[in-house]
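Every value quoted in this text rests on a predicted model; they were computed, and no experiment measured them.
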Amino acid sequence: MAKSIGIKPLGARVLIKKLEAEEKSQGGILLTSSAKEKPQIAEIVAVGPGTKDEPMEVKAGDKIVFSKYAGTDIKYEGEEYTIMNQSDILATVK
């Protein structure tokens, strides 16, 4: 379970931490930082309470796939996070 970090999303928003990009291609070739895909899989750190029209369908600790240009990147206590609307989440990952 994710730990509380002091940022509490409002409404139907979630706070995520992106998972690291792959260092190697499927063929085993090391990738330079410019060749790495921006990660689109993340772990949810915190969720807002939802709204009357949009109840929360995800919870802290869920791994998700999100829309490529979604959210606002923030830095808090040396860590990088993204806050986004729940509607920008495309799927959960097992």
Side-chain angles (χ1 to χ4, degrees):
M1 191 65 141
K3 63 181 175 90
S4 175
I5 64 152
I7 299 174
K8 179 68 177 163
L10 302 176
R13 292 183 184 83
V14 297
L15 178 71
I16 64 168
K17 184 157 181 57
K18 295 174 184 168
L19 301 178
E20 292 299 313
E22 289 294 320
E23 298 289 327
K24 291 184 180 180
S25 71
Q26 287 183 336
I29 298 170
L30 281 173
L31 300 173
T32 63
S33 59
S34 63
K36 291 179 194 171
E37 276 285 321
K38 187 176 174 185
Q40 287 179 249
I41 297 180
E43 183 171 348
I44 295 177
V45 177
V47 298
T51 66
K52 184 178 70 158
D53 296 326
E54 188 177 358
M56 294 308 290
E57 297 181 48
V58 293
K59 62 187 178 316
D62 285 354
K63 288 190 174 41
I64 57 149
V65 176
F66 57 93
S67 191
K68 193 170 197 163
Y69 301 105
T72 301
D73 294 330
I74 61 168
K75 198 166 204 170
Y76 181 75
E77 295 183 348
E79 295 286 329
E80 292 184 16
Y81 300 95
T82 302
I83 296 176
M84 69 176 52
N85 291 316
Q86 177 179 239
S87 60
D88 289 325
I89 297 171
L90 304 174
T92 57
V93 179
K94 297 261 178 203

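Note that the CD1 atom of Ile44 and the NZ atom of Lys17 stand 14.5 Å from one another [nearest 0.5 Å]. Of the inter-residue distances, the one linking Asp88 atom CG with Arg13 atom CZ reads 10.5 Å to the nearest 0.5 angstrom. The NZ atom of Lys18 sits 9.0 Å away from atom CD of Gln40, with the distance rounded to the nearest 0.5 Å. Going from atom CD of Glu79 over to atom CD1 of Ile7 covers 10.5 Å, rounded to the nearest 0.5 Å. Rounding to the nearest 0.5 Å places CG of Leu90 at 11.0 Å from CD1 of Ile41. To the nearest 0.5 Å, atoms CG (Leu10) and CD1 (Ile83) are separated by 8.5 Å.
Partner Met84 forms a side-chain contact (heavy atoms from CB on, under 4.5 Å) with one of Ile89, Asp73, Thr72, Leu15 and no other, that one being Ile89.
Between Thr92 and Glu57 the shortest side-chain heavy-atom distance does not fall below 4.5 Å. When side chains are defined from C-beta on, Phe66 does not count as touching Thr82, because their heavy atoms never get closer than 4.5 Å. Counting only heavy atoms from C-beta outward, the side chains of Leu19 and Lys63 approach each other to under 4.5 Å.
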Self-check item: Audit row: Gln86, Val47, side-chain contact (heavy atoms from CB on, under 4.5 Å) steps and yes/no
Solution: CA-CA 9 Å; Gln86 177 179 239; Val47 298; over 6 Å; no
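Remark: Lys8 engages no residue in a side-chain hydrogen bond (donor to acceptor under 3.5 Å, both in side chains) (not counting sequence neighbours).
For the pair Pro49 and Pro9, the tightest heavy-atom approach, listed with the atom from each and the gap, is CD-O, 3.8 Å.
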